[in-house]
**Q** 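Pasting in a structure now, in structure tokens, and then I'll have a few things to ask.
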Amino acid sequence: MYSLLLVEDERIEMELLEHYVPWKEMDIRVVGTAKNGKEALLRLETFAPDIVLTDVRMPIMDGLEFARRARQLNKDIKIVFLSGHNEFQYIKEALSVEAAGYLLKPIDMEELRDLMEAVKKKCEEDDLIRRNLDTAKERLMTKWLVEKDVDTSRDLADQLFKLSLPLPSHAAYAVAYITLDQAFGSQNQHRYSRLSLIEALQSLVAEDFDYIMAVEFEEQAIGLILMSQDKPFAAADKAYWEKVLHGLSASLDNCRLTIALSDEGQSVEALPGLYRQAKKRNEWKFYLGTGKVITPSDAVETTAVQIKAEGYAAELCRALTLADEPAMKAVIVEFLSRLRQERIRKNGVISHLLGLLGEVEHEFSSLLVNTSGSMLFINHWEQLSLLPSIDELEQYVLEVCSQIIAKIRSRTDTQAQKLLHTITELIQTRFSTSLTVEEIAKEVYLSPNYVRTLYKEAAGETILEAITRYRMQEATKLLANKGMKVHEVARAVGYENVSYFCSVFLKHKGCTPNEYRKKMIW
């Protein structure tokens with residue numbers, strides 16, 4: 001529906017125009033009225049109408065003068081004149097201010113309908129041209145920001161600024177690089193509309209900058225070009241953007257919005273560099289997490305360090321063989337903690353996880369060969385590369401391994417499998433006591449030697465090794481509590497002799513409990 005402002009100094013004429021013309025049937029809504037041109041100019045700022053229907057002859061400021069000034073404020077506004085004087089001079093002057101139409105009083109309703117239909121059609125045409133021009137500006141801006149070749153970049157800038165962008169050479173500039181990051185497990189759900197997001201963003205920040213331009217990039221990414229000349233520059237204010245983020249978060253469903261901010265630039269030529277800066281900072285979300293505002297003070301330096309994964313892979317396969325979910329989770333969490341500590345680059349983290357998953361799938365290939373409709377034997381690289389943070393990568397690996405455990409548990413339980421499950425439960429519930437093979441044998445009503453042999457064949461390790469491994473696993477968790485002393489940790493995991501506990505810990509973890517606490521717990 002198009003909006004209309006009525007300008008008429010005669011009260012009776014205004015009453016007839018406002019209340020007796022069937023505007024609604026014409027798909028037009030009267031948003032305001034004014035008694036003269038001066039008052040109408042104020043109404044323009046308040047209502048921003050699409051169309052103005054104005055008398056020509058009025059006190060204080062007539063319709064023709066009003067039209068000239070209105071066109072300076074909004075060159076696209078459609079102005080229709082009313083006059084009780086069928087004189088060539090008025091028509092001539094109306095044409096000089098590019099009037100959309102001219103009606104004589106008293107108004108003929110059919111003539112008014114026909115004229116309004118023509119005016120609405122012109123509004124549609126102008127709107128289409130404007131949208132096409134805006135699209136052209138956005139596409140050129142996108143190309144200019146991402147272009148690396150200096151000569152091509154210069155040519156794009158020349159083309160862009162021929163389109164009359166309101167971007168002065170010298171002003172305060174910044175770029176916000178914004179991504180829609182989905183939580184793990186929601187990749188196949190509805191993607192949030194970028195157009196809706198752009199509209200919501202612009203409505204939230206429009207009052208705080210002199211000019212904003214939104215551009216769209218690949219992979220659910222949006223760039224906001226921000227410029228201020230007279231207003232205080234809010235682009236680098238983290239608290240400001242956190243309020244913006246809060247204002248949008250409720251409508252994002254499974255998406256998390258991550259906003260990365262560039263430094264402040266002082267010229268329009270700085271925009272490509274500011275864009276690259278903001279985009280790079282958006283990548284810091286891999287360690288900082290998604291759904292946050294990222295500023296220069298949040299800098300994350302990454303490395304290309306390699307971590308040996310063989311030991312973790314062996315422990316993980318052992319836990320999976322036993323269908324021991326807590327042990328499986330502990331291995332994965334510890335491995336990811338190592339990767340986090342070293343701040344390994346995203347591709348490096350993915351490579352490490354691919355190696356780990358490769359070992360697992362090779363170990364259980366006979367079990368998984370017929371598996372379908374799950375995360376097993378799929379293109380893990382493709383899936384992992386889509387996840388925005390290391391937290392999501394960890395969830396992915398946990399899910400893959402949980403599915404393997406579910407597959408193992410779904411098989412027909414043999415005596416060995418039942419024995420493994422029972423012994424695993426005994427170890428997990430009684431590891432803090434002086435648990436022996438003889439005690440376990442009594443619990444399962446078998447001889448100690450038979451239990452030892454059966455368990456070794458099924459699990460690939462002795463019962464004593466399994467008890468020790470689980471105790472060390474629990475010890476690392478307790479060491480995270482700096483309030484517990486080492487001798488208290490030792491007793492809590494079944495060792496009365498602290499020195500013996502420390503030597504066993506050193507053998508399994510490659511460092512003493514105190515060294516582990518200093519180096520690994522953070």
Side-chain angles (χ1 to χ4, degrees), residues 305 307-343 352 356 390-391 394-395 397-398 401-402 405 420-443 452 455-456 459-522:
V305 173
I307 300 295
K308 291 185 178 180
E310 292 84 356
Y312 292 102
E315 285 192 42
L316 182 57
C317 289
R318 188 178 296 117
L320 294 172
T321 300
L322 298 173
D324 185 349
E325 196 156 359
M328 174 271 287
K329 290 180 178 178
V331 173
I332 293 170
V333 168
E334 184 175 345
F335 184 51
L336 266 295
S337 293
R338 286 289 310 280
L339 300 179
R340 284 188 179 91
Q341 182 190 26
E342 298 294 342
R343 283 289 196 262
H352 279 83
L356 190 69
I390 196 169
D391 294 334
E394 182 175 314
Q395 290 301 311
V397 177
L398 286 168
C401 292
S402 293
I405 286 179
L420 284 175
H421 292 161
T422 301
I423 293 176
T424 298
E425 289 176 0
L426 284 170
I427 292 172
Q428 291 177 355
T429 55
R430 292 168 56 179
F431 71 92
S432 61
T433 68
S434 55
L435 185 63
T436 64
V437 176
E438 286 71 18
E439 289 174 340
I440 291 173
K442 287 180 183 179
E443 293 284 344
R452 286 190 186 96
Y455 187 90
K456 173 72 172 178
E461 65 178 344
T462 67
I463 292 176
L464 180 59
E465 287 170 342
I467 294 172
T468 303
R469 177 175 51 77
Y470 192 81
R471 283 172 171 170
M472 293 302 102
Q473 177 184 308
E474 292 302 305
T476 59
K477 295 179 184 177
L478 295 175
L479 286 168
N481 179 2
K482 296 184 179 179
M484 287 188 73
K485 296 179 180 178
V486 172
H487 70 84
E488 293 173 333
V489 173
R491 281 198 295 270
V493 296
Y495 293 93
E496 289 298 326
N497 188 312
V498 180
S499 296
Y500 180 62
F501 164 71
C502 290
S503 66
V504 174
F505 192 93
L506 176 62
K507 180 181 178 181
H508 278 259
K509 297 297 180 182
C511 60
T512 67
N514 277 325
E515 288 171 343
Y516 182 90
R517 175 172 276 168
K518 290 176 182 177
K519 290 169 57 179
M520 303 299 295
I521 308 301
W522 55 278

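Hydrogens, waters and symmetry mates are skipped; everything else that's a heavy atom, side chains included, is used.
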**Q** Roughly how far, to the nearest 0.5 Å, is CD of Gln473 from NZ of Lys329?
**A** 12.0 Å
**Q** What is the minimum heavy-atom distance between Ser434 and Glu439, and which atoms define it?
**A** O-OE1, 3.5 Å
**Q** Do the rings of Tyr500 and Tyr495 sit parallel, tilted or perpendicular, given the 30° and 60° boundaries?
**A** tilted
**Q** Locate the shortest heavy-atom distance separating Phe431 from Arg471; write the atom from each residue and the value.
**A** O-NE, 2.8 Å
**Q** Mark yes when over 12 heavy atoms from residues, nucleotides or ligands other than Lys477 sit less than 6.0 Å from its NZ; otherwise mark no.
**A** yes
**Q** Please assess Phe505 against Thr476 for the test side-chain contact (heavy atoms from CB on, under 4.5 Å), listing each intermediate value before the final yes or no.
**A** CA-CA 9 Å; Phe505 192 93; Thr476 59; 4.0 Å; yes
**Q** Is any side-chain heavy atom of Arg340 closer than 4.5 Å to a side-chain heavy atom of Asp391?
**A** yes
**Q** To the nearest 0.5 angstrom, please state how far the CZ atom of Arg469 sits from the CG atom of Asp324.
**A** 6.5 Å
**Q** Would a distance-only check, ignoring hydrogens and angles, find a side-chain to backbone donor-acceptor pair under 3.5 Å from His352 to Ile307?
**A** yes
**Q** What heavy-atom pair brings Arg517 and Leu479 nearest, and what distance separates the two atoms?
**A** NE-O, 2.9 Å
**Q** For side-chain contact (heavy atoms from CB on, under 4.5 Å), just list the numbers for Ile440 and Leu435, CA-CA rounded to whole Å, side-chain angles, deciding distance to a tenth of an Å, and then say yes or no.
**A** CA-CA 8 Å; Ile440 291 173; Leu435 185 63; 4.0 Å; yes
**Q** Taking all non-hydrogen atoms of both residues into account, name the closest pair between Ile405 and Glu325 and its distance.
**A** CD1-CA, 3.7 Å
**Q** So does Glu334 pair up with Lys509, basic N to acidic O under 4.0 Å?
**A** yes
**Q** To the nearest 0.5 Å, how far apart are NE2 in His508 and OG in Ser503?
**A** 9.5 Å
**Q** For the CD atom of Glu474 and the CE atom of Met472, what is their distance to the nearest 0.5 Å?
**A** 10.5 Å
**Q** Which heavy-atom pair separates Glu394 from Leu336 by the least distance, and what is that distance?
**A** OE1-CB, 3.5 Å
**Q** For a quick test of reading the model, state the closest non-hydrogen atom pair linking Leu316 to Cys401 and the distance between them.
**A** CD2-SG, 4.0 Å
**Q** So do Val333 and Ser337 actually touch side chain to side chain, heavy atoms under 4.5 Å?
**A** yes
**Q** OH/Tyr455 to OG1/Thr424 distance, rounded to the nearest 0.5 angstrom?
**A** 4.5 Å
**Q** Are any of the side-chain nitrogens in Glu425 or Arg430 under 4.0 Å away from the carboxylate oxygens of its partner?
**A** no
**Q** Nearest 0.5 Å, what's the CD1-CD1 distance between Ile423 and Ile463?
**A** 4.0 Å
**Q** With a 4.0 Å cut-off, would you call Glu315 and Arg318 a salt bridge?
**A** no
